**Q** 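Please find one structure pasted underneath; my questions will follow.
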Amino acid sequence: MVNFADVLIDESKKKNSVLVVGLDPDVKFLPDCLLKNVDYSSNESISDAIYEFNKIIINAVADHVVAVKPQLAYYEVYGSYGIKALEKTISYARSKELIIINDAKRGDIGSTSAAYARAFLGDGAISGDMVTVNPFLGSDGYMPFIEAAQENNKGVFLLLKTSNPSSYEIQDLKLENGELLYFKLAEEIEKLACKTIGVNNYSFIGAVVGATYPEEAKRIRETLPHSIFLVPGFGAQGGKAEDLSVFFDVSGNGAVVSSSRGIIYSYMNETDDWNKTTENEMQGYINEAAIKAKEQLNEVRFSSNR
Ligand SMILES: O=c1ccn([C@@H]2O[C@H](COP(=O)(O)O)[C@@H](O)[C@H]2O)c(=O)[nH]1
């Protein structure tokens, strides 16, 4: 039996990185070199460009990231061709021995969640190693994912305190006993996580906690010591490396931090005419941005500022 938390931590140690790069391809931001032959009336043609873009990103970051995180929305928008681009991207990332976290945020009634779990945690073409799950339908909505992850030696990240500005509207609602909703959910996750720990003391049942909420993260970390956090919101959403030490444990483990736009479109900040960036230049800028982010995170994850 493999506990996926151990796989993630071992990979993080091997790469000396807690950085996850998000694969959120938006054609608006692709330079001319990738768009010159694109027929905008064809989803197939656009999806081919997306796959080429993803290969450049993967080549640039593979040595410096613990995982890549495709965001499903950017593929689903192009229908079956977008899904094909996702399949090819996953297969390419696997050829570079990368861990794949599908940011799909699924969750439904039990029977449908079981089908989603087969899609994302089974052995199909869009299956990764971990998937983000929306737990707000309740335990029959998220347990099928946890069961599939356990059966297939994979992992999940349950949404807990998301990085967006309005996350407080629902997630911070006060319950009758004065407790906050996300905090109650953290307690529920811990009940499952503490029973499913691996050799590093972490469970394959992780939680999403936004980089934009370090104060909240500090309390969540105490309540949920056995879950690895997936931390989005670093970079483009304003989350800063210097605020992130509270997400980690004393050994610098316990969290992986994702950045999408801040890294994959880093070439847009390098010249006034970013449209003219070549594929080689793109790869270079993305590589530099990933190394910089990795180093910033390494500086804070071992710091004692908790
Ligand atoms: O709480 C959450 C959960 C998921 N996300 C996703 O992460 C990336 C963030 O992209 P950036 O460009 O680094 O801001 C994106 O795919 C979101 O859907 C999140 O931001 N917050």
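In listed order, ligands and their atoms are each counted from 1. Source: prediction; values computed, not measured.
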**Q** Using distance alone, determine whether N164 and ligand 1 share an N or O pair under 3.5 Å.
**A** no
**Q** Take every heavy atom of K161, measure it against each atom of ligand 1, and state whether any distance is under 4.0 Å.
**A**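 No.
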**Q** Between Q71 and ligand 1, find which residue part has any heavy-atom pair under 4.0 Å and reply side chain, backbone, both or neither.
**A**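 It is the side chain that gets close, since no backbone atom is under 4.0 Å.
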**Q** Any atoms of ligand 1 less than 4.0 Å from a non-hydrogen atom of S259? List them with their elements.
**A**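 It comes down to these atoms of ligand 1: 13 (O).
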**Q** Examine the proximity of ligand 1 to P232 and report which part, side chain or backbone, both or neither, has a heavy atom under 4.0 Å away.
**A**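 The side chain, only.
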**Q** Could you check whether D24 pairs with R261 (Lys NZ or Arg NE/NH1/NH2 to Asp/Glu carboxylate O, under 4.0 Å)?
**A**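 Between R261 and D24 there is no salt bridge, as every charged N stays at least 4.0 Å from the carboxylate O atoms.
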**Q** For atom 4 (C) of ligand 1, what's the nearest protein heavy-atom neighbour? Residue, atom name and distance, please.
**A** K105 NZ, 3.1 Å
**Q** Test your reading of the structure: does R261 have an N or O sitting under 3.5 Å from an N or O of ligand 1?
**A**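 For ligand 1, there is an N or O atom that lies under 3.5 Å from one belonging to R261.
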**Q** So does D129 pair up with R94, basic N to acidic O under 4.0 Å?
**A**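 Looking at D129 and R94, the cut-off is met.
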**Q** Answer yes or no for G233: is there a heavy-atom contact with ligand 1 below 4.0 Å?
**A** no
**Q** Which residue owns the protein heavy atom closest to atom 20 (O) of ligand 1, what's the atom, and how far is it?
**A**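 Minimum-distance protein heavy atom for atom 20 (O) of ligand 1 reads Q237 NE2, 2.7 Å.
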**Q** Could you walk me through whether Q171 and T162 pass the side-chain contact (heavy atoms from CB on, under 4.5 Å) test, one step at a time?
**A** CA-CA 8 Å; Q171 295 159 23; T162 57; 3.0 Å; yes
**Q** Identify, for atom 7 (O) of ligand 1, the protein heavy atom at the shortest distance, and state residue, atom and that distance.
**A**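 The closest heavy atom on the protein side is K69 NZ, 3.1 Å.
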**Q** To check your reading of the model: name the closest protein heavy atom to atom 16 (O) of ligand 1, its residue, and the distance in Å.
**A** D24 OD2, 2.6 Å
**Q** Measure up the Y265 and F53 rings against each other and bin them: parallel (under 30°), tilted (30 to 60°), perpendicular (over 60°).
**A**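 Parallel.
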**Q** Using a heavy-atom cut-off of under 4.0 Å, does the side chain or the backbone of D103 touch ligand 1, or both, or neither?
**A**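 For D103, only side-chain atoms sit under 4.0 Å from ligand 1.
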**Q** Can you confirm if the NZ or CZ of K154 lies within 45° of the ring axis of F4 and under 6.0 Å from the centre of its six-membered ring?
**A**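 Here K154 fails the 6.0 Å and 45° test against F4.
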**Q** Using a cut-off of 6.0 Å, state whether more than 12 heavy atoms not belonging to I170 lie near its atom CD1.
**A**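 12 or below, so no.
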**Q** Any idea which atoms of ligand 1 are less than 4.0 Å away from a heavy-atom of S163?
**A**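 Ligand 1 atoms under the 4.0 Å threshold to S163: 1 (O), 2 (C), 19 (C), 20 (O), 21 (N).
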**Q** Can you tell me the protein heavy atom closest to atom 10 (O) of ligand 1 and the distance?
**A**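 The answer is S260 OG, 3.3 Å.
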**Q** Could you tell me whether some N/O pair between S258 and ligand 1 is separated by less than 3.5 angstrom?
**A**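 No, there is no polar N/O contact under 3.5 Å.
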**Q** Between E87 and K84, is there a salt bridge with N-O shorter than 4.0 Å?
**A** yes
**Q** Do Q237 and S163 pair up side chain to side chain, a donor and an acceptor below 3.5 Å, judged on atom types alone?
**A** yes
**Q** Just checking D39: does its CG atom have more than 12 heavy atoms from other residues, nucleotides or ligands closer to it than 6.0 angstrom?
**A**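 Correct, the count exceeds 12.
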**Q** On the six-membered ring of F145, is R106 placed so that its NZ or CZ lies under 6.0 angstrom from the centre and within 45° of the ring axis?
**A**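 Checked: cation-pi criterion not met.
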**Q** Does ligand 1 have a heavy atom under 4.0 Å from the side chain of T162, from its backbone, from both, or from neither?
**A**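 Near ligand 1, T162 shows its backbone as well as its side chain.
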